[in-house]
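Numbering of residues begins at 1 and proceeds along the displayed sequence. Read the numbers this way: they start at 1 and go in the same order the structure lists the ligands and their atoms.
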Amino acid sequence: MVENRLRRAGKLAAPRLCAMGRAPTSLTHWGAFSASVTDGEITAVAPIPGDADPSPLLGNIPGSVRHPSRIATPAVRRGWLHDGPGPSSARGAEEFVAVSWDELTELLAGELRRVVDAYGNEAIYGGSYGWASAGRFHHAQSQVHRFLKMLGGYTYSRHSYSLGATGVIMPRVVGTHDDLFKRSTQWNVITDHTEVLVCFGGINLKNTGINHGGTTDHPARAALTRFRNKGGRIVSISPLRSDIDGDCQWLPARPGTDVAIMLALAHVLATEELADRDFLQTYCTGYDRFERYLLGVDDGVPKSPQWAAQICGLDADDLTALARRMAAHRTIVTVSWSLQRLKHGEQAPWMGVTLAAMLGQIGLPGGGFGHGYGSMNEPGLPPLRCRLPSLPQGFNPVQSFIPVAAISDMLLHPGEEFSYNGQTLTYPDIKCVYWAGGNPFHHHQNLPRLRRALAQVDTVVVHDPYWTPMARHADIAVPSTTAFERDDFSGSRNDPLLVAMPALTEPHAQARDDYTTFSALAGHLGFGDEFTEGRSARQWLVHMYEKWSAEIDFAVPDFDQFWADGMVRLPVEDGLTLFADFRTDPQAHRLGTPSGRIEIFSETIDGFGYPDCGGHPRWYEPTEWLGGERAVRYPLHLIANQPASRLHSQLDTGATSRSTKVQGREPIRMHPSDAAQRELADGDVVRVFNDRGACLAGVVLDDGLRPQVVQLSTGAWYDPLDPADPDSLCVHGNPNVLTDDAGTSALARGCTGAAVLVEVEKFREPLPPVRAHQPPVVT
Ligand SMILES: Nc1nc2c(c(=O)[nH]1)N[C@H]1C(S)=C(S)[C@@H](COP(=O)(O)OP(=O)(O)OC[C@H]3O[C@@H](n4cnc5c(=O)[nH]c(N)nc54)[C@H](O)[C@@H]3O)O[C@H]1N2
Ligand SMILES: Nc1nc2c(c(=O)[nH]1)N[C@H]1C(S)=C(S)[C@@H](COP(=O)(O)OP(=O)(O)OC[C@H]3O[C@@H](n4cnc5c(=O)[nH]c(N)nc54)[C@H](O)[C@@H]3O)O[C@H]1N2
Ligand SMILES: [Mo]
């Protein structure tokens with residue numbers, strides 16, 4: 001403790017400086033930076049030279065390591081410590097008791113042993129979804145999964161909140177989902193060849209700040225500028241003007257109706273002889289079945305621009321003109337990931353590919369399909385020619401899994417059957433939930449329901465550097481280091497630099513690396529040597545690097561040289577066009593689908609007989625949209641999208657994130673006409689509500705929204721006015737108290753958090769304080 005106080009007072013030696021005395025560099029999911037370290041603390045950060053468009057998220061870093069919201073000591077919920085494991089609705093409301101690391105190890109090892117002995121490893125839910133921090137070794141997911149596998153396994157989760165629907169549908173349609181991003185058509189090909197970019201969901205540059213594992217350059221903004229300067233045109237179909245930065249044709253469609261719009265465009269192509277029948281014949285299967293639906297042969301409803309106009313609120317003539325323009329030019333149809341994070345989210349990427357196939361330009365330079373431009377930095381960037389160094393993961397002997405966003409369903413319905421991707425599975429009976437590196441109170445929908453679900457289990461364990469809302473709901477809170485307090489290295493599959501991440505400062509208070517925590521636990525449980533393989537964290541870095549460098553087919557400097565240099569440049573595959581090989585030779589480069597082609601009709605999916613996902617893409621009426629019954633009670637469509645000021649909930653306490661808050665609340669953007677109807681002014685605090693929950697938010701007027709659309713980003717730390725009440729008002733502005741915890745369909749059961757219907761009213765009571773960034777009571 002004394003040591004820690006001294007460290008904080010800056011009396012101990014400042015952390016290592018890199019070789020040659022230059023400022024140390026490090027890597028985050030949102031960019032590489034060099035740090036100014038004064039008296040042992042990170043006081044300022046600067047983007048590395050060469051990053052064309054650094055992310056403003058870097059501004060959240062200074063001050064974050066010693067923030068009062070850090071978990072300073074291992075801590076156990078008082079009720080759990082006193083009464084032992086068991087269901088409890090006190091999670092999230094009770095104070096904590098500080099324990100020593102030895103006590104924590106003993107308690108935690110004992111509880112894991114108890115659960116495994118009494119119920120089997122299946123009773124541990126170790127999906128532990130979340131982004132954690134950049135770093136190939138200290139990556140929290142890799143650590144927790146490796147540990148739980150050696151413990152005998154755990155119930156795991158499949159896919160992500162990012163791409164829940166795409167991850168299941170696109171392998172059935174084009175044989176892959178990863179390659180859509182990893183091997184996407186590159187920006188330089190787009191700038192050289194594309195004439196029209198038709199973007200469903202826009203290309204929002206705020207999102208291109210991010211890549212999982214890190215990113216060292218942000219070329220999207222410059223690429224779009226070059227594209228425009230060469231005469232390229234951008235059409236943005238989106239409820240928000242800001243989804244394209246700069247000049248474009250903005251079609252502010254009613255949200256949730258993109259599939260209807262795509263169908264209308266397809267209808268024009270089909271009826272005006274503009275569809276490329278040769279392409280559909282050679283490279284696709286099932287177009288005929290789809291066309292019957294498109295033309296309304298069986299249901300009597302042609303999916304014409306006039307039909308779509310009623311649904312999407314755009315002008316039918318504009319849609320017709322757009323379709324003709326797309327057919328006349330080299331065109332890419334892009335679909336943002338947000339469109340598959342909605343009810344029936346499988347349909348938008350499937351229909352996007354179908355539309356691109358009808359244009360016949362898939363595999364031609366600058367034509368075809370894109371998924372996720374403006375969702376992540378990765379699409380448009382060249383992939384590495386090699387894999388990255390990695391921590392061996394081992395084998396999970398437990399078969400039981402859930403689609404990741406089914407967590408509340410699983411906890412509330414043990415033993416019940418559910419459908420997923422053609423299978424009938426059974427929810428396991430979970431006794432222990434183990435989380436490291438994610439924040440379900442950020443990522444999951446319908447938080448009141450999640451709180452009730454978490455109350456069912458015997459024990460919740462959370463490793464996190466911060467007292468996030470998830471950590472507050474833990475029985476056992478385990479303080480982790482941040483990426484800035486340990487040595488590591490990182491990179492990502494579409495970035496040319498592998499970056500050394502030397503520790504910039506000493507660990508805060510009693511925080512420990514997850515690796516150290518798991519090593520101690522494994523030791524206590526009798527598999528310490530297997531877990532550590534006798535290596536310290538530093539020795540693992542050297543080992544991972546050396547093993548990797550021996551396996552790749554080009555030379556890299558040895559570890560010490562890499563560490564001294566701070567980074568190493570890796571070769572990339574330049575000039576890619578998505579599916580170019582397939583186009584050149586569809587036999588040699590068959591897609592990984594049953595037909596080897598693009599499946600516009602999928603016999604497999606059709607065979608599942610799901611009412612909410614049939615054999616070809618189609619328009620299903622959404623549950624949460626302005627055209628439905630529900631909009632009578634909740635007449636505003638809330639876009640709950642990714643925050644511009646942080647990564648998810650990470651560093652919500654930081655300067656960039658806090659600078660956007662309105663009276664301490666998360667900003668909600670509203671059209672002036674919607675505000676006027678409710679007598680709201682810029683800067684007012686409002687209550688945003690529906691029948692699932694309510695939160696406060698601060699009004700920002702913006703006429704760049706389609707009327708009746710409001711926008712409230714995710715990521716404000718959940719802050720219940722009454723922590724004992726799962727239905728309590730969130731005073732800070734977390735939209736997931738409002739969103740529906742319903743899967744996309746029986747096929748993928750992806751997350752549907754992208755949007756929700758709400759009403760907004762002025763909050764007239766005295767403003768409750770925001771306490772989310774303060775630690776809970778720990779005695
Ligand atoms: N309504 C709605 N909900 C959404 C979305 C939406 O669009 N709308 N988007 C969804 C999407 S796409 C995603 S990806 C998810 C994101 O959801 P998450 O990935 O769960 O969100 P993060 O805030 O990134 O959580 C990462 C956590 O890891 C912690 N952490 C960082 N480093 C370490 C470490 O070394 N060790 C440990 N133990 N912890 C560490 C951080 O402090 C943080 O609490 O949210 C989803 N939720
Ligand atoms: N700054 C920042 N960037 C991020 C993240 C972050 O937390 N912060 N998270 C990263 C992660 S993990 C992911 S998965 C990606 C997610 O990437 P996306 O899912 O693409 O991101 P969103 O910001 O949720 O949505 C993009 C845009 O889609 C539009 N949109 C929403 N609903 C509709 C609709 O029904 N129709 C149409 N046409 N448009 C609609 C919204 O206007 C929104 O701005 O972002 C990544 N980038
Ligand atoms: Mo994501």
Side-chain angles (χ1 to χ4, degrees), residues 29-30 55-57 128-135 138-141 143-144 160-164 199-212 236-243 251-258 261 335-342 348 372-377 405 435-445 462-466 468-471 478-483 485-486 488 513-514 517 622 625 637-652 705 709 711-715 717 734-736 738-739 751-756:
H29 295 305
W30 52 91
S55 166
L57 273 60
S128 188
Y129 181 77
W131 269 61
S133 296
H138 289 290
H139 181 234
Q141 250 51 259
Q143 292 291 343
V144 65
S160 62
Y161 282 73
S162 315
L163 289 161
C199 316
F200 289 88
I203 297 186
N204 197 320
L205 293 175
K206 74 171 164 61
N207 290 342
T208 62
I210 311 293
N211 249 4
H212 195 267
S236 176
I237 296 119
S238 163
L240 307 186
R241 177 66 185 81
S242 56
D243 277 336
L251 296 176
R254 183 183 276 166
T257 65
D258 299 84
I261 299 169
V335 174
S336 74
W337 293 353
S338 53
L339 300 196
Q340 52 85 61
R341 212 173 296 114
L342 294 168
Y373 292 100
S375 296
M376 198 74 77
N377 202 24
W435 228 283
N439 180 4
F441 281 85
H442 168 77
H443 64 234
H444 198 58
Q445 286 57 63
V462 179
H463 295 212
D464 206 289
Y466 293 93
T468 64
M470 183 59 181
V478 186
S480 305
T481 50
T482 67
E485 301 162 285
R486 60 200 182 208
D488 207 339
D513 303 343
D514 295 314
T517 305
W625 76 305
H637 185 108
L638 186 150
I639 305 278
N641 62 347
Q642 313 297 320
S645 58
R646 57 188 171 258
L647 173 62
H648 313 136
S649 66
Q650 296 194 31
L651 307 187
D652 184 31
L705 284 81
V709 173
Q711 183 264 325
L712 171 64
S713 294
T714 57
W717 289 12
N734 184 325
N736 275 329
L738 304 157
T739 48
C751 144
T752 56
V756 62

**Q.** Polar proximity ligand 2 side, Ile237 side, N/O cut 3.5 Å exclusive
**A.** yes
Q: Between Arg341 and ligand 1, find which residue part has any heavy-atom pair under 4.0 Å and reply side chain, backbone, both or neither.
A: side chain
Q.
Quick check on contacts: which atoms of ligand 1 are under 4.0 angstrom from a heavy atom of Gly438?
A. 20 (O), 25 (O), 26 (C), 27 (C), 28 (O)
Q) Of the protein's non-hydrogen atoms, which lies at the shortest distance from atom 11 (C) of ligand 1, and what is that distance? A) Tyr161 CB, 3.6 Å
Q. For atom 41 (C) of ligand 2, which of Leu205, Asn641, Ile261, Asp243 has the closest heavy atom?
A. Asp243
Q.
Heavy atoms only, cut-off 4.0 Å: how does Pro643 contact ligand 2, side chain, backbone, both, or neither?
A. both
Q: Identify the heavy atoms of Ala253 and Ile237 that sit nearest to each other, and give their distance.
A: CB-CG2, 3.9 Å
Q. How far is atom 20 (O) of ligand 2 from its nearest protein heavy atom, and which residue and atom name does that atom have?
A. Ser375 OG, 2.7 Å
Q. So, is Gly256 polar-close to ligand 2, with some N/O to N/O distance under 3.5 Å?
A. yes
**Q.** Backbone of Ala640 reached by a side-chain donor or acceptor of Gln642 within 3.5 Å
**A.** no
Q. If you take all heavy atoms of Met470 and Val462, which pair is closest and at what distance?
A. O-CG2, 3.7 Å
Q. Which of the atoms in ligand 1, numbered in the order shown and given with their element, are less than 4.0 Å from a heavy-atom of Tyr466?
A. 42 (O)
(Q) If I compare all heavy atoms of His29 with all of Trp131, which pair ends up nearest, and what's the gap? (A) NE2-O, 2.9 Å
Q: Would you indicate which of Pro440, Ser133, Ala755 comes nearest to atom 31 (C) of ligand 1 when only heavy atoms are counted?
A: Ser133
(Q) Any side-chain to backbone donor/acceptor pair from Ser375 onto Trp337? Under 3.5 Å, distance only. (A) yes
Q: Could you pull out, from Asn736, Leu647, Asp514, the option with a heavy atom nearest to atom 1 (N) of ligand 1?
A: Asn736
Q | Atoms of ligand 1 close to His463 [distance to a heavy atom under 4.0 angstrom, numbered from 1] | A | 37 (C), 38 (N), 39 (N)
Q: Mind listing the closest non-hydrogen atom pair of Leu57 and Ser645 along with its distance?
A: CD1-C, 3.9 Å
Q. Atom CG of Leu342 and atom CG of Asp258: how far apart are they, to the nearest 0.5 Å?
A. 8.0 Å
Q) Hey, does Arg646 sit under 4.0 Å from ligand 2 if you only count heavy atoms? A) yes
Q) Which of the atoms in ligand 1, numbered in the order shown and given with their element, are less than 4.0 Å from a heavy-atom of Thr468? A) 44 (O)
Q: Would you check if the side chain of Gln340 reaches a backbone N or O of Ala348 as a donor-acceptor pair within less than 3.5 Å?
A: no
Q) Among protein heavy atoms, which lies nearest atom 47 (N) of ligand 2, and at what distance? A) Asn207 O, 3.1 Å
**Q.** From the candidates Leu339, Val335, Ile203, Asn211, the one that places a heavy atom nearest atom 33 (C) of ligand 2
**A.** Leu339
Q) Numbering the atoms of ligand 1 from 1, which are under 4.0 Å from a heavy atom of Ala140? A) 36 (N), 37 (C)
Q: May I ask you to list the atoms of ligand 1 that are less than 4.0 angstrom from any heavy atom of Thr714?
A: 1 (N), 2 (C), 3 (N), 6 (C), 8 (N)
Q. Which atoms of ligand 2 sit under 4.0 Å from any heavy atom of Leu240?
A. 42 (O), 44 (O)
Q) Between His443 and Trp435, how do the two ring planes meet: parallel, tilted or perpendicular, split at 30° and 60°? A) tilted
(Q) Using heavy atoms and a 4.0 Å limit, tell me yes or no: is Ala132 in contact with ligand 1? (A) yes
Q) When you measure from atom 27 (C) of ligand 1 to each heavy atom in Gly130, Ala436, Gly753, Gly437, which option holds the nearest one? A) Gly437
Q | Residue Trp131 vicinity, atoms of ligand 2 by number, heavy atom under 4.0 Å | A | 12 (S)
Q. What part of Met376 sits under 4.0 Å from ligand 2 if we count only heavy atoms: the side chain, the backbone, both or neither?
A. side chain
Q) If we ignore angles and hydrogens, is there a donor and acceptor under 3.5 Å between the side chains of Asn736 and Thr739? A) yes
Q. Counting each atom of ligand 2 from 1 as listed, which ones have a heavy atom of Pro239 under 4.0 Å away?
A. 37 (C), 39 (N), 40 (C)
Q: Starting from atom 3 (N) of ligand 2, locate the nearest protein heavy atom and write down its residue, its atom name and how far away it is, to 0.1 Å.
A: Ile210 CG1, 3.2 Å
Q | Under 3.5 Å: donor-acceptor pair, side chain of Ser128, backbone of Ala436 | A | yes
Q: Tell me which protein heavy atom sits closest to atom 23 (O) of ligand 2, plus the residue, atom name and distance to 0.1 Å.
A: Lys206 NZ, 2.8 Å
(Q) Suppose I only count heavy atoms of Thr739 and a 4.0 Å limit; which atoms of ligand 1 are within that range? (A) 1 (N)
**Q.** ligand 2 contact by Gly209, heavy-atom criterion under 4.0 angstrom
**A.** no
Q: Could you check atom 44 (O) of ligand 1 against the protein and tell me its nearest heavy-atom contact, residue, atom and distance included?
A: Asp464 OD2, 2.7 Å
Q: Please state whether Tyr129 comes within less than 4.0 angstrom of ligand 1, counting heavy atoms only.
A: yes
Q | Closest non-hydrogen atom pair between Ala132 and Gln141, with its separation | A | CB-NE2, 4.4 Å
Q) Can you list the ligand 2 atoms lying under 4.0 Å from a non-hydrogen atom of Ser238? A) 38 (N), 42 (O)
Q) Does Asp488 use its side chain to pair, donor to acceptor, with the backbone of His138 at less than 3.5 Å? A) yes
Q.
With the threshold set at under 4.0 angstrom, would you say Thr482 reaches ligand 1 through any of its heavy atoms?
A. no
Q. Does an N or O anywhere in Asp258 fall below 3.5 Å from an N or O of ligand 2?
A. yes
**Q.** Distance-only N or O hit between ligand 2 and Ser645, under 3.5 Å
**A.** no
(Q) Polar contacts were defined as any N/O atom of the residue lying under 3.5 Å from an N/O atom of the ligand; does this apply to Gln642 and ligand 2? (A) yes
Q: Name the option, out of Ser480, Pro465, Pro735, that contains the heavy atom nearest to atom 40 (C) of ligand 1.
A: Pro465
Q | Donor-acceptor side-chain pairing of Asp243 and Ser236 below 3.5 angstrom | A | no
Q. Could you state the interatomic distance from CG (Asp652) to CG (Leu647), rounded to the nearest 0.5 Å?
A. 11.5 Å
Q.
Show the atoms of ligand 2 that are less than 4.0 angstrom away from any heavy atom in Leu342.
A. 35 (O)
Q. Within the distance-only criterion (no hydrogens, no angle test), does the side chain of Trp717 pair as donor or acceptor with the backbone N or O of Asn734 below 3.5 angstrom?
A. no
Q) Among Gln445, His138, His648, whose heavy atom sits nearest atom 21 (O) of ligand 1? A) His648
**Q.** Heavy-atom gap Thr481 to ligand 1 smaller than 4.0 Å
**A.** yes
Q: Heavy atoms only: give me the nearest Gln650-Arg646 pair and the separation to one decimal.
A: O-CB, 3.4 Å
Q.
Closer than 4.0 Å to some heavy atom of Ser649 - which atoms of ligand 1 meet that?
A. 22 (P), 23 (O)
Q: Pick whichever of Arg486, His139, His29 has a heavy atom sitting closest to atom 35 (O) of ligand 1.
A: Arg486
Q. For the side chain of Arg486 and the backbone of Thr481, is there at least one donor-acceptor N/O pair under 3.5 Å apart?
A. yes
Q. Counting heavy atoms only, which of Ser338, Ser162, Gly374 comes nearest to atom 14 (S) of ligand 2?
A. Ser162
